[in-house]
Amino acid sequence: MPDRTGFWLMKSEPDECSIDDALAAPDRTVAWTGVRNYQARNFIRDAMRIGDGVLFYHSSCPQPGIAGIARIASEPRPDPTQFDPASKYFDAASRADAPRWLLRDVQALRRIPLIDLARLRAHAELDGLLVLRKGNRLSITPVEPRHWHFIVDRLARDT
DNA sequence: GCCAACGTTGGC
DNA sequence: GCCAACGTTGGC
């Protein structure tokens with residue numbers, strides 16, 4: 001048993017990588033590329049631990065919401081897309097000997113019936129969930145244990 | 001260090 | 001496509 005378990009919400013555009021894409025990947029695991037925000041980078045680098053729970057969130061799509069449950073599956077390592085000029089995540093200012101952007105592998109565990117934003121907002125138990133906060137643009141946010149448990153143990157079970 | 005301009009995110 | 005909110009950039 002881990003002596004510490006953290007919880008996260010991670011946004012992915014389903015056009016790029018949906019929960020179904022992740023579940024279909026080898027070992028159901030995908031490299032979480034493309035994080036280009038320092039606060040989110042610091043979560044990846046410093047705060048996450050292997051085994052931490054992940055709410056897999058679909059963003060920038062017709063039905064934004066929590067679409068699945070996943071887990072952090074690796075230590076941090078350099079995001080290779082920052083060095084790929086053909087990638088939209090290419091960062092010419094990042095040097096190979098001092099990579100600016102990191103990623104974690106994320107292992108999908110299961111799909112859940114989509115919990116959309118209206119449904120999330122309808123529960124007072126989820127007041128304070130960062131993804132619901134106005135103007136929030138962070139692609140990775142920490143999730144409080146009480147929020148995690150309410151979502152996973154209650155909402156993800158209803159249909 | 002300030003802050004205006006600009007680019008991006010992301011729901012609607 | 002709109003636009004509010006936020007992060008980054010760069011002149012000073």
Side-chain angles (χ1 to χ4, degrees), chain A residues 6-25 30-48 52-72 76-144 146-148 150-152 154-156 158-159:
Chain A
F7 303 106
W8 307 92
L9 182 144
M10 299 175 75
K11 296 179 186 174
S12 182
E13 299 186 16
D15 284 350
E16 274 192 44
C17 181
S18 70
I19 183 68
D20 290 331
D21 294 333
L23 284 167
V30 292
W32 205 268
T33 58
V35 172
R36 296 293 182 270
N37 169 283
Y38 286 103
Q39 199 177 343
R41 189 278 311 271
N42 292 347
F43 288 143
I44 289 171
R45 185 187 63 192
D46 305 325
M48 288 177 168
D52 280 0
V54 173
L55 300 173
F56 197 114
Y57 181 93
H58 285 175
S59 71
S60 298
C61 59
Q63 283 194 296
I66 297 168
I69 309 297
R71 63 186 284 275
I72 298 299
R77 56 190 169 82
D79 179 345
T81 63
Q82 71 196 297
F83 303 121
D84 177 4
S87 169
K88 72 175 194 175
Y89 299 119
F90 177 64
D91 181 352
S94 184
R95 301 173 2 158
D97 59 353
R100 181 177 288 179
W101 307 113
L102 304 174
L103 61 72
R104 297 267 184 163
D105 290 334
V106 172
Q107 182 178 42
L109 298 178
R110 60 193 172 94
R111 187 183 221 290
I112 62 172
L114 186 84
I115 309 170
D116 66 18
L117 286 171
R119 185 130 172 266
L120 292 170
R121 289 190 211 282
H123 296 282
E125 291 90 339
L126 296 179
D127 285 356
L129 187 67
L130 290 174
V131 77
L132 300 180
R133 207 155 67 172
K134 185 178 178 180
N136 166 66
R137 287 172 24 191
L138 256 190
S139 66
I140 299 176
T141 46
V143 173
E144 294 177 39
R146 64 194 170 95
H147 290 153
W148 170 272
F150 184 76
I151 291 166
V152 172
R154 300 279 303 283
L155 297 188
D158 305 342
T159 312

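Below, read A as the first sequence line, B as the second, and so on, with proteins coming before strands; counting in each chain starts at 1. Only this structure's heavy atoms are used, side chains among them; waters, hydrogens and symmetry mates stay out.
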When the ring centroid of Trp101(A) is compared with that of Tyr38(A), is the distance short of 6.0 Å?
-> yes

Sort me out a list of protein N/O and nucleotides 5-12 of chain B N/O pairs below 3.5 Å, or just none if empty.
| residue | atom | partner | partner atom | Å |
| --- | --- | --- | --- | --- |
| dT8(B) | O2 | Arg137(A) | NH1 | 3.3 |
| dG10(B) | OP1 | Lys11(A) | NZ | 2.7 |
| dG10(B) | OP1 | Arg137(A) | O | 3.0 |
| dG11(B) | OP1 | Tyr57(A) | OH | 2.7 |
| dG11(B) | OP2 | Ser60(A) | N | 3.0 |

Take the C1' atoms of the five end pairs on each side of the helix from dG1(B)-dC12(C) to dC12(B)-dG1(C), get both axes, and report the angle to 10 degrees.
->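 Both end axes considered, the difference amounts to 10°.
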
Step by step, would you call Asp20(A) with Arg111(A) a salt bridge (charged side-chain N to carboxylate O under 4.0 Å, His left out)?
-> CA-CA 7 Å; Asp20(A) 290 331; Arg111(A) 187 183 221 290; 2.8 Å; yes

Classify the ring geometry between Phe56(A) and Trp32(A) as parallel (under 30°), tilted (30 to 60°) or perpendicular (over 60°).
-> perpendicular

His123(A) side chain reached by Leu155(A) side chain, heavy atoms, under 4.5 Å | yes

Among all residues two or more places apart in sequence or in another chain, which pass the side-chain contact (heavy atoms from CB on, under 4.5 Å) test with Leu130(A)?
->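 Scan of Leu130(A) (side-chain contact (heavy atoms from CB on, under 4.5 Å), adjacent residues dropped) gives Arg133(A), Thr141(A), Pro142(A).
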
Between Thr81(A) and Asp79(A), is a side-chain hydrogen bond (donor to acceptor under 3.5 Å, both in side chains) present by the stated rule, with each step listed?
-> CA-CA 6 Å; Thr81(A) 63; Asp79(A) 179 345; 2.7 Å; yes

Run through Ile112(A), Val131(A), Ile115(A), Ile66(A) and flag the one making a side-chain contact (heavy atoms from CB on, under 4.5 Å) with Leu55(A).
->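 Between Leu55(A) and the candidates, side-chain contact (heavy atoms from CB on, under 4.5 Å) is satisfied uniquely by Ile66(A).
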
